[in-house]
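Below you'll find the structure, written out as structure tokens, and then a few comments.
Model, not experiment: these values are computed from the prediction.
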Amino acid sequence: MADIIQLLPDSIANQIAAGEVIQRPASVVKELLENAVDAQATEIKLIVKDSGKTLIQVVDDGKGMSESDARMAFERHATSKIRKSEDLFKITTKGFRGEALASIAAIAMVELVTKKAEMELGTRLNIEASTVKKQEMVQALNGSTFSVKNLFYNVPARRKFLKSDPVEFKHIMDEFLRVALAHPEIFFVFLHNENEVYHLPKGNLRQRIINIFGKNYNERVVPVQENTEIMKISGYTGKPEASKKTKGEQFLFVNNRYIKSHYLHHAIRSCYDGLTHDNTHPFYVLFIDLDPAQIDINVHPTKTEIKFEDERLVYNYVKVSVRHALGQYNVTPALNFEADYNFAQPSDSQKHHSEGGSFIAVNLQRDRFDPSRKNKDQWQLLYEGLELDESSPVTVESKLSNAMQDDETWTDHRGKDPYQLHQKYIVNQIKSGFLLIDQHAAHERILYEKFLAALENNGIPTQKQLFPQTIELTTSRATTLTSVVDQVNKLGFEILPFGKNTFVIHGIPSGLDGQENAKELVEQLLEHFERNIEFHLGVKENLARSLAVATSIKRGESLDQIEMRSLIDQLFACGVPYKSPSGKKCFISIELEEIAKRFMS
């Protein structure tokens, strides 16, 4: 019987290895930038086209390579970082496995131009699918230039599953920022489609944070500095007001290597208990320096997961250091004994009778864009005598869907008062039992359909701001807003560019004039929009969904009878009342028979 086991050709083996190391264009960016840092570069330029699908180029002024080293660098498990097994326990460089360049060359067209300072000529090497196509001596600057073209050109199945350009660009941005934050002593430039995204001069860590995230972060962060015999912890953590509802501005480095650790993130997050809301994430850029022998970084090819010899000890050190920094700089809020808290929060009666005795001002804060609803019962009395804006694209008749109108169990709810359960759910009696409505998911669905209709029609009227607000965004977020600002303005905003990464908010959607912080609203909208990019939603759907999430009532908010009835009526006037835009159920029904069974022995 013939033997059936055989060695794989190097080209196929490299492609298999590339599946773990090179998952997307951002993986190439990470490996090339880290190699440039390991080459002791003082200036690094990243050039990307079409979110890395067409070109990824990294130019550095590092040590460069000789002709033989340039050729050897693309062999599997070829590295200058380790020589013996003991070296694995004292690694201080970024790369060490010798897999990255071989993996990249297996699934792309690669050109390397490199030169050592002591040599007169450099080397140019062209490789396609692990095969050397050309090698020659050329005039070159000191350092190395890696150009990776047509990623996954010979693995069409992998290229097919790449995400959209905005998604891949965001991942590239993440990898770039991680390396740039870890090395503020290096000058970085980032170009995308010939447009300069970042220009980061050499400086200290605080200057690098400001150059990346904006000048306002100078006042938003406090330094963390703790030195012990076991480890050193340094960096910056954000004040409570810098916390955001979405992740993305949390950077943790161990021996200058970016890592992901939910365990240590929990240690940092616990320091903000009582200072921020539970669903927010603090900003931090923290560095942990300790003996390399106490960690294992050879856990995964991406090298972002590591193991600590004593994880609990590191957890406690990080927690104490961050808590000490927050306390030392008086971040914990002090009591204001001169404030009159009788006027801090209006009572329910104040809410309904302020603004000339009208409930509308409060209701518009929750039922944002619907001043012209005509509900079957008492709603018409509330709006009696008001002039309605018939041109509003988001006006929805307050009638139940046909399916619900034909359902006797639903129509029997009229006259029965709903009530709120734990400030999260609305209990509404029907003939066959009761409905349990998730107030947050339900309001998201209501607003999503209104916003989507507005984007597809004439838009939403704008409420001009008495005092326009200036908002400075990170480069990444400014790029996002620039790409969708026309659609955002159709939602009722009036946002105009005002210099690099700066915008002026002249107006917000009509009905949101009670929103005190327009800047926070825009930030939330963009945060949710960027988070949803991964889901391949269209721009309109993404914006409608993002604004619905940002402006909907939240779990924990108290609702009165009128507000609960309004929400129920509007929910069942929706085209799809059953689920929120994120796929969560808006309500469930509990039958009387099911309740009776629970009481049976």
Query - Residue that, paired with R208, satisfies side chain to side chain contact (heavy atoms under 4.5 Å, CB included) out of I186, L177, L181 - result: L181
Requested in this report: Spell out, as yes or no, whether a donor-acceptor pair under 3.5 Å connects the side chain of N150 to the backbone of Y153.
Outcome: no
Report summary line: Separation between CG (D61) and CD (Q40), nearest 0.5 Å, reads 11.0 Å
Requested in this report: Please answer whether the main-chain N or O of R323 pairs with a side-chain N or O of K319 as donor and acceptor at a distance below 3.5 Å.
Outcome: no
Requested in this report: State, with a plain yes or no, whether a side-chain heavy atom of R24 is found less than 4.5 Å away from one of V167.
Outcome: yes
Query raised in the report: Quick one: ring-ring contact (aromatic ring centres under 6.0 Å, His included) partners of F308, sequence neighbours excluded?
Result: none
Query raised in the report: Salt bridge or not for E527 and R477, using N-O below 4.0 Å?
Result: yes
Requested in this report: Name all residues meeting the side chain to side chain donor-acceptor pair (under 3.5 Å) criterion together with D165; count only those two or more places apart in sequence or in a different chain, and write none if there are none.
Outcome: K53
Query raised in the report: In a check of side chain to side chain contact (heavy atoms under 4.5 Å, CB included) between P25 and each of L162, V48, T54, which one passes?
Result: L162
**Report entry** Side chain to side chain, V322 and Y284, heavy atoms closer than 4.5 Å
**Finding:** no
Query raised in the report: Just checking, is any N or O donor in the side chain of E111 or N126 under 3.5 Å from an acceptor N or O on the other one?
Result: yes
Query raised in the report: Between Y263 and Y315, what is the ring plane arrangement, given parallel below 30°, perpendicular above 60°, and tilted in between?
Result: tilted
Requested in this report: Indicate yes or no: at least one non-hydrogen side-chain atom of V132 is less than 4.5 angstrom from one of R71.
Outcome: yes
Requested in this report: For E168 and K163, indicate whether the former's side chain and the latter's backbone hold a donor-acceptor pair under 3.5 Å.
Outcome: yes
Query raised in the report: Should the pair K490-D486 be classified as a salt bridge under the 4.0 Å nitrogen-to-oxygen rule?
Result: no
Requested in this report: May I ask you to test the T123-M65 pair for a side-chain heavy-atom distance under 4.5 Å?
Outcome: no
**Report entry** Rounded distance [0.5 Å steps], OG in S147 versus CD in Q57
**Finding:** 3.5 Å
Query raised in the report: Could you give all pairs that pass the ring pair (Phe, Tyr, Trp, His ring centres under 6.0 Å) test and reach residues 217-248, with sequence neighbours left out?
Result: F213-Y217, Y217-F283
Query raised in the report: Looking just at side-chain N and O atoms, do Q250 and H265 make a donor-acceptor pair shorter than 3.5 Å?
Result: no
Query raised in the report: Would one find more than 12 heavy atoms of other residues, nucleotides or ligands at under 6.0 Å from atom NZ of K540?
Result: yes
**Report entry** Pairwise distance OG1(T237) to NE2(H324) - rounded to 0.5 angstrom
**Finding:** 14.0 Å
Query raised in the report: Got a donor-acceptor contact below 3.5 angstrom from the D60 side chain to the G143 backbone?
Result: no
**Report entry** Candidate pair T280 and Y272, rule side chain to side chain contact (heavy atoms under 4.5 Å, CB included), full reasoning
**Finding:** CA-CA 10 Å; T280 59; Y272 289 81; over 6 Å; no
Query raised in the report: Would you call R545 and F451 a side-chain contact if the rule is heavy atoms closer than 4.5 Å?
Result: no
Report task. Going by the side chain to side chain donor-acceptor pair (under 3.5 Å) test, name the single residue among E520, E249, H281 that passes it with K244. Result -> E249
Query raised in the report: Do other residues, nucleotides or ligands put more than 12 heavy atoms under 6.0 Å from the NZ atom of K215?
Result: no
Query raised in the report: Which distance, rounded to the nearest 0.5 Å, do you find between the OG1 of T480 and the CE of M173?
Result: 7.5 Å
Query raised in the report: How many angstroms lie between CD1 in I209 and CG in N218, if you round to the nearest 0.5 Å?
Result: 10.0 Å
Query raised in the report: Just checking, any donor-acceptor pair under 3.5 angstrom between side chains of N193 and K49?
Result: no
Query raised in the report: For L32, does its backbone N or O pair with a side-chain atom of E34 as donor and acceptor, under 3.5 Å?
Result: no
Query raised in the report: What is the distance from atom CG of L526 to atom CD1 of I471, rounded to the nearest 0.5 Å?
Result: 7.0 Å
